[in-house]
Participant: 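Dumping the structure here so I can ask a few things about it.
FYI, side chains are in, hydrogens and waters are out, and symmetry mates aren't considered; it's all heavy atoms of this structure. Order of the sequence lines sets the chain letters (A, B, ...), proteins ahead of strands, with each chain counted from 1.
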Amino acid sequence: MNTTTKPSGSGAQKMDVIVEAVTPLNDLVTRFDFKRANGEDFPTFSGGAHTVIEMQDGDRVRLNPYSLMSDPVQTASYSISVRRDDEGRGGSLFMHNHVKVGDRMRLSTPVNLFCLDLRAKKHIFVAGGIGITPFLGMIAQLERTQGRWELHYSGRSRALASYAEQLTRQHGSKVHIYFDDQSQTIDIDGLLSGQPLGSHLYVCGPAGMISWVLGRAADSAWPSDSVHSEEFLAPQSGEPFQVRLCQSDKTIEVGAHESLLEAIERAGVAAPYLCRGGACGQCETTVLEYDGEFQHRDHWLEDAEHASGKKIMPCVSRFVGKTLVLDR
Amino acid sequence: MSIQFNKETFRDDYSFHNSERAIKRFPFPFHEDSYMYAVNMEQHQGGPKDSVYEMRFDVDEHYVAEMQDRAQVLADDPLRCQSLPHMTLAGWDLLELIMVSKSEDYPEFFELQRDGLYWRWINKPLGIDDSFTFLDESTLPYGPMEYICRQTQGDFCVLDQRDEMLWMDAGMVTTQADWSLDFDIGMNFFEWHAPVPLAHEMGIFKRALKFLLNIQQGTPARRLNWTMTVNPLLDTSPENYHKWGIQKTSLTPENIGGKQFLRVELQTFFRLPRSNALVFPIRCYLIAFEDIVSVPKWGRRLHRVIRDLPVELATYKGFIDNRPMMLDYLSEYDDGLPTSPGVWPELDTEPSLQAV
């Protein structure tokens, strides 16, 4: 008890895994099933949890978060679904193009930033596209505990709405599916107005959909702590920039297609992280000096903190300018 | 390792006592000759052999007697155990965590057999052998949290995590340092810490909350806290203050060595996987002043810490009136020699007490 310890170094603990199955679901989404390399069961988890998958892409290590979508009680394997993003920085393309059955990879222990509120009298899920994945684990959990829920899931088309058919088959009238190409849309106002007191609303999907649902919920006077959302931001590409890491006494280059956090890690500096998507707050870093403009993209810092020039979330945010010195 | 469980009481005749082994492994909380609040967290991933940090849930010679005392407290006051309706899943999480940990760490005392959801739990020291269905409350004699906490030393706060905040929504609390679960149930982290002096101004609780919210599965954490108790009382609750508060006036220069106890809490924090709640076990260790000063380093240091402690803290911890008498006693064991850094007793290297 002599020392004061900071939160665990970088990320959650890691597990060695073997790819057990690669199952293309449609043109865009592929499911990956993993078992543990040591033959043991995985830790159990709560619905809505994610894992960070470590991809060895040549000499580059990619770390992407994906929701765990299996039944939390079935711990012999973990499953994730990966949507191919042709415009992205390459993590999903690596999963789709290079990962095959029998490959060894590493997964983090589960982290949950999008948890069920177990006080809810009823859980209402609104999903858009690949945003369906966290709800699969939540639904499995609620089915075991006789929880009350309904799902409203909108996808581009019948072919691209992953798991829609399976969900309808298993859960019947609790599941409502909407296809964009048939001009079907969620009647959000009707949905929000007809719910019993004590209901909780959960939204996961594209940014536009989340802000639309949250906005309508606020306008309908839903209590803000009864409304939950999760959006994992993928780091975006941008102009390369230079950063001085003061504690480590290093100057690093952040490439156009890597995040600031990735560049810090590439330089051999251990930086804390969990979600790598601008949501958890773990990688919050103090800015010591700057001359230029921040491109803040996280959901963690307050607007005032963004404006202060004193904090940055290196997992998703970038910088344009002459000088940036970080306390790292 | 074999443990001889003490026959002892924490009330009436106060026959509680620490063996030589228990003294040596006591979690002395001061790593230097002074004390101030800090977010003094570290990983709870084992510790030196036979220390209280070695196992996930330490079982020691007081186990059986503490469980008997707990049963008595619960019989007198059932509100010491409460679980809001949404916390049942977290209760199962806690039961699983403790049964798995204890059966792995102390196979000579505890056995867990699992066939899917059909479990059998054997607790040899308490003579329990129960078969039940995991996640089915109707198959256990108590709710899952109450069932396992009646068999585990230490208080348990089960904290729900919502909206970047922790909520005291379940717990079993019978060995507390003057706080009440019944009063705090449903409160958030800042609300139940409101009575603590100085620490709010220091920003301690904001930082501590941030740390706790980020504790993840597989990486539990721990810290120590401490206070003072006259007589080896486990139950120093506000509910019973009328019974134990008055005992603080029974201290005399003649009886203080055996009657004044340093009370140390080993606080641990585990993320619960199925519910995403956080469990906060608070394990109480008691040691008489006369046993502390049998370790020369601890005798020297305790004197200096108590002497220099800010008035606010001595008041909050409830011993400001007795501090002069404590210092008279402890100064006999402080010869002014320097102490080595760290909490360990260092019996082989620290010089024995010189004439004061």
Side-chain angles (χ1 to χ4, degrees), chain A residues 1-9 11-15 41-49 51-52 72-75 108-121 137-138 141-142 144-147 198 200 223-228 272-275 279-284 300, chain B residues 27-32 38-45 47 51-53 84-90 92-93 96-97 116-117 134-135 160-165 167 169 207 210-224 264 266 271-277 341-344:
Chain A
M1 289 280 159
N2 298 341
T3 51
T4 300
T5 317
K6 286 188 174 171
S8 54
Q13 286 188 325
K14 295 286 173 68
M15 300 174 284
D41 279 354
F42 283 101
T44 186
F45 61 95
S46 45
T51 182
V52 173
V73 173
Q74 305 293 343
T75 49
S108 75
T109 51
V111 172
N112 200 337
L113 302 171
F114 189 43
C115 194
L116 289 169
D117 190 322
L118 295 175
R119 297 172 306 168
K121 299 283 183 276
M138 290 181 177
Q141 179 178 338
L142 289 175
R144 287 190 178 276
T145 52
Q146 285 83 49
H200 279 247
S224 61
D225 57 7
S226 299
V227 182
H228 315 273
Y273 72 86
L274 274 176
C275 77
C280 76
Q282 193 67 206
C283 70
E284 183 179 310
W300 174 254
Chain B
F28 189 74
F30 308 113
H31 63 86
E32 57 186 7
V39 184
N40 52 337
M41 301 279 191
E42 64 179 19
Q43 297 294 320
H44 184 42
Q45 307 275 13
S51 73
V52 302
Y53 313 110
L84 298 184
H86 61 284
M87 297 302 282
T88 305
L89 185 62
W92 286 109
D93 265 328
E96 180 179 33
L97 173 68
L117 294 177
F134 187 70
L135 299 178
D160 199 17
Q161 181 160 335
R162 306 186 302 266
D163 311 317
E164 295 296 312
M165 182 49 75
W167 304 84
D169 284 352
R207 271 180 287 153
K210 218 166 186 176
F211 180 91
L212 295 174
L213 291 172
N214 272 313
I215 285 178
Q216 301 302 333
Q217 271 176 251
T219 51
R222 66 181 175 223
R223 70 180 286 262
L224 294 180
V264 173
L266 171 57
R271 176 68 56 197
L272 296 176
R274 297 169 198 275
S275 58
N276 203 40
V343 295
W344 307 107

Participant: Given that the side chain runs from C-beta out, which part of Asn276(B) has a heavy atom under 4.5 Å from chain A: side chain, backbone, both or neither?
Facilitator: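 Both parts, heavy atoms under 4.5 Å.
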
Participant: Side chain from CB out, backbone as N, CA, C, O: work out which of these in Thr44(A) comes under 4.5 Å of a heavy atom of chain B, or both, or neither.
Facilitator: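 For Thr44(A), backbone and side chain are both near chain B.
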
Participant: Does any heavy atom of chain B fall under 4.5 Å from the side chain of Asn112(A), the backbone, both, or neither of them?
Facilitator: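 For Asn112(A), heavy atoms of backbone and side chain both lie under 4.5 Å from chain B.
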
Participant: Against chain A, work out which of Pro27(B), Gly218(B), Ala277(B), Pro273(B) has the most heavy-atom pairs shorter than 4.5 Å and name it.
Facilitator: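 The candidate making the most pairs under 4.5 Å is Pro273(B).
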
Participant: Hey, are Asp169(B) and Arg162(B) close enough for a salt bridge, meaning a charged N less than 4.0 Å from a carboxylate O?
Facilitator: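 Salt bridge between Asp169(B) and Arg162(B), a charged N being under 4.0 Å from a carboxylate O: yes.
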
Participant: What part of Glu164(B) gets closer than 4.5 Å to chain A, counting heavy atoms only: side chain, backbone, both or neither?
Facilitator: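 Only the side chain of Glu164(B) comes within 4.5 Å of chain A.
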
Participant: Does His200(A) have any ring-ring contact (aromatic ring centres under 6.0 Å, His included) partners at least two apart in sequence or in another chain, and if so, which?
Facilitator: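 Applying ring-ring contact (aromatic ring centres under 6.0 Å, His included) to His200(A) gives His228(A).
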
Participant: Give a yes or no on whether the backbone of Gln141(A) and the side-chain of Thr145(A) come within a donor-acceptor separation of less than 3.5 Å.
Facilitator: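 Between the backbone of Gln141(A) and the side chain of Thr145(A) there is a qualifying donor-acceptor contact (under 3.5 Å).
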
Participant: Report which part of Leu89(B) has an atom under 4.5 Å of a heavy atom belonging to chain A: side chain, backbone, both, or neither.
Facilitator: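 Contact with chain A: side chain only.
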
Participant: Against chain B, work out which of Gly47(A), Pro110(A), Ala49(A) has the most heavy-atom pairs shorter than 4.5 Å and name it.
Facilitator: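 Heavy-atom pair counts peak at Pro110(A).
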
Participant: Name all residues meeting the ring-ring contact (aromatic ring centres under 6.0 Å, His included) criterion together with Phe134(B); count only those two or more places apart in sequence or in a different chain, and write none if there are none.
Facilitator: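 Per chain and number, Phe134(B) pairs via ring-ring contact (aromatic ring centres under 6.0 Å, His included) with Trp92(B), Trp119(B).
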
Participant: Taking NZ, NE, NH1 and NH2 as the nitrogens, is one of them in Glu42(B) or Arg222(B) under 4.0 Å from a carboxylate oxygen of the other?
Facilitator: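 Yes.
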
Participant: Side chain to side chain contact (heavy atoms under 4.5 Å, CB included) between Met87(B) and Asp160(B): does it pass, once the steps are laid out?
Facilitator: CA-CA 8 Å; Met87(B) 297 302 282; Asp160(B) 199 17; 3.8 Å; yes

